[in-house]
Amino acid sequence: MRLKATLYTFVLAALFLSGCSPKKETPDRGNPSTLANATLKPGIFEDATSSAGIHFEYTNGVENQFFMLETTPGGCAFLDYDNDGKQDVFFVQSGATPSAKSAGVRPHCALYHNLGGGKFEDVTTSVGLDKLDQGYAQGVVVGDYDNDSYPDLFITAYENDHLLHNDGKGHFVEVTKEAGLDRAGKTRWATSAAWGDFNKDGLLDLIVLHYAPWTPATNQTCKNTKGSISYCSPELYPNGEIPTLYQNNGQGRFVDVTTKVGLDKIHGRGLGVVFMDYDQDGWPDIYIACDLTPNVMLHSEQGKRFTNVATELGVAYGTDAATFSGMGVSVGDYMRTGWQSILVTNYSYQPNSLYLGKPGGSFQDQTYQSAIGEASLNFLAFGVEFLDYDNDGWLDVVVGNGHVDPFIDDIAANVTYKERKLLMHNLGNGKFADMVDDMGALSEPRVTRGLAVGDFDNDGKIDVLDNSHNLPARLYHNVGKAGNFVTLRLEGTKTNRDAVGTQVWATVQGKRQLIEVRNGSSYASTSDRRLHFGLGTSEKVEKIEVRWLSGEKQVFMDVKANGFYYLKEGGSLAPDPRVK
């Protein structure tokens, strides 16, 4: 089916009504905008932003020009930039769009240092980020690319991206040009990125997604059925661009190997990306969520080339083989089979897609069987992560929602511009339940793009970070009841220092769950790199199996619950000295 509609909203509404997605009534989730002026019900998550001292508001520079570029930023991240054991937070900022009528001084991105006790301090100026013109920024991915033990920042943007080196002395220094990551005047619309060691040489490589060859001069405007100007369907622009893969050659230098490894054949409107070894052959693969082009699974041929096997695996298309608008992506072993599944967020009137990972590296569409499909139909979703918010041992899901069309409330049934999040509780039988009545502050209507998860106060419960369009950022504190847990921080030696690509299986009460270390997922964001296992009522993890990306394997027995642990490759598992 080839869509011809011009307005983005009606392209996808037509897709829904034409039968490309299941023919069922859209459930009436109520109007999320009616919550805007209401007192939010207490629940599992509370808004800790103000009490934490975080005062950041993202702006996409909208001026009623309806530049397509305005719809996709901006990301956020959890990171421990000073290695003190507490998760700090970073927010992407964009400001005025290219050729904006009122372009002035561009606001800068922001870094908040975690002081402990639930308090943060704005250190943007002291670390030097106030001097960076990050351009029209989109997303952020955190990774220690030079293995010096301090996490660095890579910011995707329109026109040029930015690599910010953490000098370990409390400053970030831009090294984009020196690192070989400068685009040398070539304008591209970058969205998400991810760090991963595709050739297993102990150095983090970088994949950067691009959306479409858009410029202010080629921007098109469209009108809805009521005559209001709005954003057009992306199909009015060419079918996307190729991603770029940069190989880390050491000494702080990267080289573009996109063509060498076969990624020059991959065209699509890339939005979400994650490294994952889906078939457990020991080589990192790459999954890409695409907007109105098929999703991509790049299988690694032992680090030399990549082959797109998404169609064969059944992860290229949504339900009924429809091409959906893939935005964000998360990976997790939600069935505790020891194999990773994939969750992709989509446009309104399209269900979020859930692909169950099966032993051997195959997948099975469980979108509607899991109840995630029906719950997500009225929402336009970007950021997404698996998390075990109640530590019962089963991975739940949090989704950040928010439309791209500010007039959608007037022209579509049961769909609004600002939307609440989805918190889906894993029932342990392959199904999820929408926690709409118990999610607390997550019910706040937002226009969420970036979303990350992490334990900012080291209380053993996973919290949520949100960056939304033209709204104050949000830090959601998990105050719900929760079971026992174990959190692991890994450090590679032969493997890259961040241990990205290392897979860890935890056996609890006879069930085996897999988590892989990664830098970059959700949408244009980075979550807490530490591995968090919920244990339910169990007082221990019976077995922890570690397969480092280098190939080295380690096994630990009877690990006590409710502890933060540190493991250096080849060493012993011990309490994490950074967590006091």
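These values consider heavy atoms only, across backbone and side chains, with no hydrogens, waters or symmetry-generated copies.
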Worksheet item: Do K223 and S228 pass the side chain to side chain contact (heavy atoms under 4.5 Å, CB included) test, and can you show the C-alpha distance, the side-chain angles, and the key distance before you say yes or no?
Response: CA-CA 5 Å; K223 293 183 178 180; S228 298; over 6 Å; no
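- Side chain to side chain, E159 and T187 fail the donor-acceptor criterion of an N or O pair below 3.5 Å.
- Put simply, the side chain of T448 never gets that close to the backbone of N467: no donor and acceptor are under 3.5 Å apart.
- With no hydrogens or angles considered, no side-chain donor-acceptor pair links D409 and H403 at under 3.5 Å.
- For the pair S353 (side chain) and V344 (backbone), a donor-acceptor distance under 3.5 Å is absent.
- With W214 as the fixed residue, the ring-ring contact (aromatic ring centres under 6.0 Å, His included) test singles out one of Y136, Y231, F67: F67.
- Contact check for K418 versus R446: no side-chain heavy atoms found under the 4.5 Å cut-off.
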Fill in: Criterion side chain to side chain contact (heavy atoms under 4.5 Å, CB included) on F45 and L423, from CA distance to verdict
CA-CA 10 Å; F45 289 88; L423 182 65; 3.9 Å; yes
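- Comment: D333 does not engage R512 in a salt bridge, judged by the lack of any side-chain N to carboxylate O separation of less than 4.0 angstrom.
- A donor atom on one side chain and an acceptor atom on the other are not found under 3.5 Å apart for Q93 and Q134.
- R449 forms a cation-pi arrangement with F382, by the criterion of a distance under 6.0 Å to the ring centre and an angle within 45° of the ring axis.
- We find the CG-CD1 distance between L209 and I242 to be 11.5 Å, quoted to the nearest 0.5 Å.
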Discussion item. For S468 and R474: C-alpha separation, side-chain torsions, deciding distance, then whether side chain to side chain contact (heavy atoms under 4.5 Å, CB included) applies.
Written reply: CA-CA 8 Å; S468 292; R474 288 286 184 261; over 6 Å; no
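- Considering only heavy atoms from C-beta on, T258 stays 4.5 Å or farther from Y246 through its side chain.
- The closest side-chain heavy-atom distance from D388 to W394 is not below 4.5 Å.
- Considering only heavy atoms from C-beta on, Y523 stays 4.5 Å or farther from V329 through its side chain.
- A distance-only check finds no donor-acceptor pair linking the side chain of T367 to the backbone of G373 [under 3.5 Å].
- Side-chain contact, N224 with S230: no donor N or O sits under 3.5 Å from an acceptor N or O.
- By the 4.5 Å heavy-atom criterion applied to side chains, Q280 and L514 are counted as neighbours.
- In this structure the side chain of F432 reaches within 4.5 angstrom of the side chain of Y334, judged on heavy atoms.
- In this structure, the side chain of T71 engages the main chain of M68 through a donor-acceptor pair within 3.5 Å.
- Between Y58 and H469, the ring planes are parallel. Angles under 30° get that label, and only those over 60° would be called perpendicular.
- Between Y211 and W189, the distance separating the two ring centers is shorter than 6.0 angstrom.
- Legend: residues meeting ring pair (Phe, Tyr, Trp, His ring centres under 6.0 Å) with H299, ordered by chain and number and at least two apart, are Y278.
- The structure places CG of L354 at 12.5 Å from OG1 of T345, a figure rounded to the nearest 0.5 Å.
- Screening residues 274-289 for salt bridge (Lys or Arg N to Asp or Glu O under 4.0 Å), with sequence neighbours left out, gives D277-R547.
- The pair R183-D256 does not count as a salt bridge, with every side-chain nitrogen at least 4.0 angstrom from each carboxylate oxygen.
- Judged by distance alone, the side chain of S300 and the main-chain N or O of G303 form a donor-acceptor pair under 3.5 Å.
- Put simply, CG on L531 and CD on Q503 are 10.5 Å apart, with the number rounded to the nearest 0.5 Å.
- Using a cut-off of 4.0 Å between Lys/Arg side-chain N and Asp/Glu carboxylate O, R420 and E444 are scored as not salt-bridged.
- Between the side chain of S330 and the backbone N or O of F386, at least one donor-acceptor pair lies under 3.5 Å.
- Counting heavy atoms from C-beta outward, M424 and V399 have side chains that stay 4.5 Å or more apart.
- A distance of 6.0 Å or more separates the ring centres of F407 and Y417.
- With T215 contributing its side chain and T218 its backbone, the two residues share a donor-acceptor pair below 3.5 Å.
- For the atom pair CG of L380 and CG of N346, the computed distance is 9.0 Å after rounding to the nearest 0.5 Å.
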Discussion item. As a quick check of understanding, evaluate salt bridge (charged side-chain N to carboxylate O under 4.0 Å, His left out) for D410 and K226, giving each step before the final call.
Written reply: CA-CA 9 Å; D410 301 326; K226 292 192 175 182; 5.3 Å; no
Practice prompt. Please lay out, stage by stage, how Q138 and S94 fare under the test side chain to side chain donor-acceptor pair (under 3.5 Å).
Written response: CA-CA 7 Å; Q138 299 276 315; S94 299; 5.4 Å; no
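- Counting only heavy atoms from C-beta outward, the side chains of L395 and L387 never approach each other to under 4.5 Å.
- Results of the side-chain contact (heavy atoms from CB on, under 4.5 Å) test with L245 over L263, L298, D264 single out L263 as the only residue that passes.
- Remark: side-chain polar atoms of S192 are paired, donor with acceptor, to backbone N or O of L271 under 3.5 angstrom.
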